[in-house]
Enquirer: 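Right, I'll just put the structure down here and ask away after.
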Amino acid sequence: MNDFFRIKKYDCVDSTNELVKTMAKKGEKEGFVAVADRQNLGRGRLGRAFFSPEGGVYMSVLLRPRIAPEKAVSITTMAAVAVCEAIEDYTGKKTGIKWVNDIVVDGGKVCGILTEAAASNGDFLDYAVLGIGVNVVSPKEGYPNDIKGKAKALFEGECPLDAREKIISGILSRLYRYYADIDKALYVESYRRRSVVIGRVVGVIKNGRECRKALVTGINDDCALEVKYDDGISDVLNTGEVSINYEYKP
Ligand code: BTN
């Protein structure tokens, strides 16, 4: 592992994103990484909770990229590719990306990514806290009802002892490569190739409400989603969420 990252491990925290955000506001240098075995108040996108029992990797990385606030989504998309590559390398399993931040394996969500960024002067971000939660081994108590059938772990029941460490280091080493060349957007082709939504009809969710069905026609070079609604109108989505049937096998 290169010395850009300074990793601190915790048994249990409320949320690694919250912890790292507090440190960011106090002036911590980029490269700080908090990794927890469990979270009490794991946070997902759109104000949702992220189930964070023992057996997962819950990590948040502090970055201070010189990018405009509207490009903050690129932190999520580059991380998605880093996570996919790390999982594939370690487990040999094929991964897919459900735009914008979900990693799926065998039709189930194995990882979610939440980037929380702040900008004060408008030109560049002050910081971005990149939070990644990977379900490494299935929880003993099973998944709660709201995510049963959607969430999945990389390993069922048992996993190799080094699994969490290998996944953490695999993610960070790839993330570093993409982050160091952030302007070149080297990850975009790889993101597009793994998309499980291109060519499918999805529900476009804006402001937390599903509003319209649309055909996904592509993903552009900013990893924004190109869609066509059934009235023939095209749209480019920079943020939001789409719903698909998780039975889909990439
Ligand atoms: C999502 O699927 O909606 C995003 C989930 C992001 C979860 C990770 S776990 C580590 C970090 N800390 C948090 O509280 N959330 C992120």
Side-chain angles (χ1 to χ4, degrees), residues 5 7-25 28 32-63 72-84 86-87 95-105 107-118 127-137 139 143-144 146-154 164-165 167-168 170-172 175 194 196-197 205-208 210 223 225 237 239-244 246:
F5 294 115
I7 302 176
K8 188 157 180 199
K9 296 192 171 158
Y10 301 83
D11 292 337
C12 186
V13 297
D14 280 348
S15 155
T16 54
N17 261 32
E18 193 50 43
L19 187 150
V20 173
K21 239 164 102 173
T22 304
M23 297 185 69
K25 288 179 192 159
E28 181 73 30
F32 178 77
V33 186
V35 181
D37 291 342
R38 285 174 292 132
Q39 299 183 114
N40 292 324
L41 298 171
R43 195 186 283 165
R45 287 184 79 228
L46 307 172
R48 295 185 193 124
F50 187 77
F51 184 55
S52 309
E54 205 173 318
V57 160
Y58 312 105
M59 59 195 275
S60 297
V61 184
L62 174 56
L63 300 171
V73 68
S74 64
I75 302 293
T76 297
T77 50
M78 83 170 64
V81 173
V83 170
C84 286
I87 290 175
T95 58
I97 301 175
K98 177 181 164 281
W99 187 86
V100 59
N101 68 321
D102 288 348
I103 311 301
V104 294
V105 169
K109 172 169 169 175
V110 295
C111 168
I113 298 171
L114 172 68
T115 302
E116 297 184 87
Y127 66 80
V129 173
L130 164 62
I132 301 171
V134 186
N135 305 327
V136 179
V137 64
Y143 290 104
D146 57 330
I147 56 171
K148 211 174 262 174
K150 290 184 183 173
K152 195 176 178 77
L154 297 176
R164 293 177 73 256
E165 289 306 316
I167 286 165
I168 294 166
I171 292 172
L172 290 178
L175 182 69
R194 289 188 172 85
V196 297
V197 296
I205 301 164
K206 281 185 178 171
N207 308 320
E210 178 154 344
C223 290
L225 199 70
L237 309 173
T239 178
E241 197 179 28
V242 295
S243 64
I244 57 169
Y246 274 86

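Start at 1 and go down the list; that is how both ligands and their atoms are numbered. If you're wondering where the values come from, they're calculated on a predicted model, not measured in any experiment. Side-chain atoms are counted along with the backbone in the values below, which use heavy atoms only and exclude waters and symmetry mates.
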Enquirer: For T76 and S74, indicate whether the former's side chain and the latter's backbone hold a donor-acceptor pair under 3.5 Å.
Expert: no
Enquirer: Mark up the atoms of ligand 1 that fall under 4.0 Å of a heavy atom belonging to K109, in ascending order.
Expert: 1 (C), 2 (O)
Enquirer: R43 heavy atoms, cut-off 4.0 Å: which ligand 1 atoms fall inside?
Expert: 5 (C), 6 (C), 7 (C), 13 (C), 14 (O), 15 (N), 16 (C)
Enquirer: Using a strict 4.0 Å cut-off to heavy atoms of G44, name the atoms of ligand 1 that fall inside it.
Expert: 1 (C), 3 (O), 4 (C), 5 (C)
Enquirer: Any heavy-atom pair between the side chains of I168 and V33 that's under 4.5 Å?
Expert: no
Enquirer: Identify, by atom number and element, the atoms of ligand 1 in contact range of T16, meaning under 4.0 Å from any of its heavy atoms.
Expert: 10 (C), 11 (C), 12 (N)
Enquirer: Taking the side chain as every heavy atom from C-beta outward, state whether K152 and N135 have any atom pair closer than 4.5 Å.
Expert: no
Enquirer: Ligand 1 versus I132, non-hydrogen atoms closer than 4.0 Å: side chain, backbone, both, neither?
Expert: backbone
Enquirer: Would you find a donor on one side and an acceptor on the other, under 3.5 Å apart, between the side chain of D102 and the backbone of G112?
Expert: no
Enquirer: Select one of side chain, backbone, both or neither to describe which atoms of Q39 lie under 4.0 Å from any atom of ligand 1, heavy atoms only.
Expert: side chain
Enquirer: So if I count the atoms of ligand 1 from 1 in the order they appear, which ones are less than 4.0 Å from some heavy atom of R45?
Expert: 1 (C), 3 (O), 4 (C)
Enquirer: Is the shortest heavy-atom distance from the side chain of M23 to the side chain of E18 under 4.5 Å?
Expert: no
Enquirer: Side chains of D14 and Q39: does their closest heavy-atom pair fall under 4.5 Å?
Expert: no
Enquirer: Which of the numbered atoms in ligand 1 are below 4.0 angstrom from a heavy atom of G42?
Expert: 14 (O)
Enquirer: What protein heavy atom lies closest to atom 5 (C) of ligand 1? Include the residue and the distance to one decimal.
Expert: F50 CD1, 3.4 Å
Enquirer: Decide whether the shortest distance between a heavy atom of E18 and an atom of ligand 1 is less than 4.0 Å.
Expert: no
Enquirer: Please confirm whether R48 comes under 4.0 Å of ligand 1, counting heavy atoms of the residue only.
Expert: no
Enquirer: Which atoms of ligand 1 have any heavy atom of N101 under 4.0 Å away?
Expert: 1 (C), 2 (O), 3 (O), 4 (C)
Enquirer: As a check for students: among V20, N17, L19, I113, identify the option with a heavy atom nearest to atom 4 (C) of ligand 1.
Expert: I113
Enquirer: Could you list the atoms of ligand 1 found under 4.0 angstrom from a heavy atom of G131?
Expert: 8 (C), 11 (C), 16 (C)
Enquirer: Determine whether N17 and L114 make a side-chain contact, defined as any pair of heavy atoms from C-beta on separated by less than 4.5 Å.
Expert: yes
Enquirer: If only atom types and distance count, is the side chain of W99 paired as donor or acceptor with the main-chain N or O of C223 below 3.5 Å?
Expert: yes
Enquirer: V35 versus Y10: any side-chain heavy-atom pair under 4.5 Å?
Expert: no
